[in-house]
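Here's the structure, in structure tokens; my notes come after.
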Amino acid sequence: MIVASAPIQRGRHAKLLVVDKNGRIIHAPRSSFADFLRCFDVVVANDAATLPASLTGFHEPTGEAVEVRLAGSSSLDGDDVTHFVAIVFGPGDFRTRTENRPLPPPLRRRDRLALGPLHAIVERTLDHPRFVALRFEGSTASIWEGISQHGRPIQYAHVHTPLALWDVWTPIAGAPFAFEPPSAGFVLDWKTVGSIHQRGADFATITHAAGISSTGDEGLDRRLPFDEPYRISAATARVLRRAKSNGGRIVAIGTTVVRALEHSALIDGTVRAGDGIATQRIGADTPLRVVDAILSGTHEPGTSHYELLRAFVDDATLRRAADELDARNYQTHEFGDSIFIGRRVRCAARTKPVERLLAA
Amino acid sequence: MATSYPTEIRHDILRGVRVAITGGTSGLGLALVRECSARGARVAFVARTRKRVERVAVEIPGAHGIVGDMAKKEAIHPIALQILARLGGVDVLINNASSLGPTPLALLADTECEAFEDALATNVLGPFRLTKALLGALAASARNGRGAVVLNVSSDAAINPYPTWGAYGASKAALHHMTRIWNEELRDEGVSLISVDPGDMDTPLHALAVPDSDTSALKRPETAACELVERVERALGDSDRIAIGASVMNPQNLADVA
């Protein structure tokens with residue numbers, strides 16, 4: 001695959017690889033996404049706006065330059081903006097690949113970090129020299145103002161020009177709780193939302209605090225995604241119930257939506273309105289109870305995003321899709337092309353253990 | 001007619017509604033912040049001058065003050081982010097911040113291009129950018145049965161060609177027409193956009209435009225604010241503007257999403 005290096009959310013030539021219910025692969029312009037929907041389907045997107053979560057400054061005890069990347073928070077409450085977990089790098093910026101970024105100076109509990117107008121205190125160190133829990137000082141208003149004005153979107157070396165907030169702000173963005181953009185949502189403009197309605201399908205949103213996608217450290221990366229809070233409104237829960245009872249499919253825009261809806265349904269298989277914290281990992285062995293199809297970016301094998309796709313289809317189909325993505329020069333990463341994969345009919349192999357348990 | 005409603009019901013419509021108001025520290029904007037807060041709305045207001053923002057935030061406890069310049073492209077997303085963070089979303093946006101263009105007012109042929117650009121930046125592009133940045137949140141409010149309204153403050157100068165009001169009048173005409181087109185386009189999303197002329201008011205903007213006017217003949221901004229808020233309340237209650245996704249909602253269900 002080719003790396004998408006220009007920060008364009010909806011390129012005119014963006015492509016969509018569709019894996020249909022029989023495992024056949026179809027290529028289409030991504031703008032025609034709604035053509036693959038049916039009456040009573042519901043498209044669910046993550047409407048979290050993206051925080052400018054990269055904050056530069058210095059480590060007060062040593063005076064050394066640092067870049068702090070806010071990476072997670074336990075709350076979707078705008079008045080609770082003091083506590084975050086964060087990844088800290090030494091000097092440098094996004095132009096250096098995260099794997100090659102120097103470590104920050106040794107961080108200790110109660111160390112102060114001066115980040116432009118913001119002041120943060122290391123509350124805890126978290127078993128890795130780059131990983132800490134931070135607390136911002138000051139009023140809620142001053143912290144939000146400081147993040148809004150001093151922060152920049154988290155960015156990786158494959159995009160060469162500095163990102164502005166509007167580059168990562170999706171058309172459907174609402175409350176600012178994502179640390180990196182829920183980039184599968186880049187597919188949606190208002191014309192597409194209109195097309196979804198015209199197909200007789202519904203459109204709904206959840207808010208999920210998408211965390212960071214890479215820390216530059218293999219060991220830390222294996223722990224991604226971190227726990228992510230989410231919120232599902234009563235209206236969205238209702239639309240999902242209606243789709244299910246009408247035989248429509250639940251189409252998730254992006255992995256964060258899958259994670260939130262499936263977490264919400266862990267108790268009894270139905271999505272409940274309210275707040276939760278998604279803690280689970282989704283992979284080949286995860287039975288999907290709610291989501292029937294996913295529209296996602298193209299992901300390399302080995303990433304947590306790719307693992308999640310394995311819950312939808314078998315590995316042979318995913319390998320065929322990966323070969324096609326390569327052969328047809330699909331673009332990868334957040335500003336790249338997309339895939340649309342429906343869940344194979346519930347796999348008999350997955351129900352067997354339950355049957356065995358019931359028989360026992 | 002407003003008098004036909006029992007007072008407590010009329011005043012309840014805005015209770016808990018999340019309202020963002022630009023130009024909220026003087027004239028009509030300040031009166032709107034006071035009026036919406038008095039009716040129980042959760043208010044965030046935007047203005048350029050930090051001292052004034054802080055003063056209004058002290059005067060009206062609970063109102064969230066945000067410092068930002070609507071005329072600057074780079075300021076819009078930080079403003080939107082703070083509005084959404086402090087209110088948790090937004091149901092009503094009132095684009096009130098306005099620029100006269102050249103002061104004292106000038107014939108169009110004597111108007112510097114930069115002064116014209118300034119009027120367009122504040123009166124058209126600023127509202128366009130902020131509305132666009134908040135549209136995801138507004139449409140979500142509509143889907144959740146809360147309603148979603150954008151009120152753009154217009155002027156009779158948007159319709160009538162008053163000599164020396166060229167930059168202001170042309171920019172308000174553009175705002176007015178943008179509002180009408182956007183309102184048509186967003187019908188299915190349940191977002192209403194309305195453009196309202198509040199009339200000639202005794203405000204700092206009017207004093208700048210017409211320094212020697214008889215202020216006793218002008219409308220008080222508090223009166224205009226009350227009228228505008230009632231327009232917003234009517235638009236919020238407009239039942240044919242429920243988003244498609246929320247079309248099966250019944251009033252009983254509204255409580256659990258509020």
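In what follows, chains are A, B, ... by sequence order, proteins preceding strands, each numbered from 1. Excluded from the calculations below are hydrogen atoms, water molecules and symmetry mates; all remaining heavy atoms, backbone and side chain alike, are included.
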Side chain proximity check, B:Ile66 to A:Glu145, heavy atoms < 4.5 angstrom = no

Note: B:Ala137 and A:Gly174 closest approach over all heavy atoms is CB-CA, 4.0 Å

Neighbour count above 12 (heavy atom, 6.0 Å) for A:Arg199 CZ = yes

When rounded to the nearest 0.5 angstrom, what distance separates CG in B:Asp188 from NE2 in A:His197?
-> 7.5 Å

Who among B:Arg129, B:Glu74, B:Arg50 has the most heavy-atom pairs with chain A under 4.5 Å?
-> B:Arg50

Just wondering, do A:Trp190 and B:Glu185 contact through their side chains at under 4.5 Å, heavy atoms?
-> no

Does NE2 belonging to B:His177 count more than 12 external heavy atoms closer than 6.0 Å?
-> no

Count the heavy atoms of every other residue, nucleotide or ligand shown that sit under 6.0 Å from CZ of A:Arg10, and state whether that count exceeds 12.
-> yes

Who wins among A:Pro171, A:Gly78, A:Pro176, A:Ala204 for the most heavy-atom pairs under 4.5 Å with chain B?
-> A:Pro176

Nearest heavy-atom pair of A:Ala235 and B:Asn144: which atoms, and what distance?
-> CB-OD1, 3.2 Å

Which bit of B:Val90 comes within less than 4.5 Å of chain A, counting heavy atoms only: side chain, backbone, both or neither?
-> neither

Under a 4.5 Å heavy-atom cutoff, which of B:Ala80, B:Ala57, B:Ser141, B:Pro78 has the most pairs with chain A?
-> B:Pro78

Determine the minimum heavy-atom distance between A:Gln149 and B:Gln82, stating which atoms define it.
-> NE2-NE2, 4.5 Å

Any idea which of A:Val42, A:Asp79, A:Asp47, A:Thr140 has the most non-hydrogen atom pairs under 4.5 angstrom with chain B?
-> A:Thr140

Given that the side chain runs from C-beta out, which part of A:Ala141 has a heavy atom under 4.5 Å from chain B: side chain, backbone, both or neither?
-> both

Does any heavy atom of chain A fall under 4.5 Å from the side chain of B:Ala75, the backbone, both, or neither of them?
-> neither

Chain B contacts, top residue of A:Ala273, A:Ala175, A:Ala173 (heavy-atom pairs, under 4.5 Å) | A:Ala173

Kindly confirm or rule out a cation-pi arrangement of B:Lys132 over A:Trp166, judged by NZ or CZ under 6.0 Å from the six-membered ring centre and within 45° of its axis?
-> no

Over all atoms of both residues, closest heavy-atom pair of A:Trp144 and B:Arg86 = CD1-CD, 3.5 Å

Answer yes or no: is there a side-chain heavy-atom contact under 4.5 Å between B:Leu81 and A:Pro52?
-> yes

Plane angle bin for B:His77 and A:Trp169 - parallel if under 30°, tilted between 30 and 60°, otherwise perpendicular = perpendicular

Which atoms of A:Thr50 come close to chain B, meaning under 4.5 Å heavy atom to heavy atom: side chain ones, backbone ones, both, or neither?
-> backbone

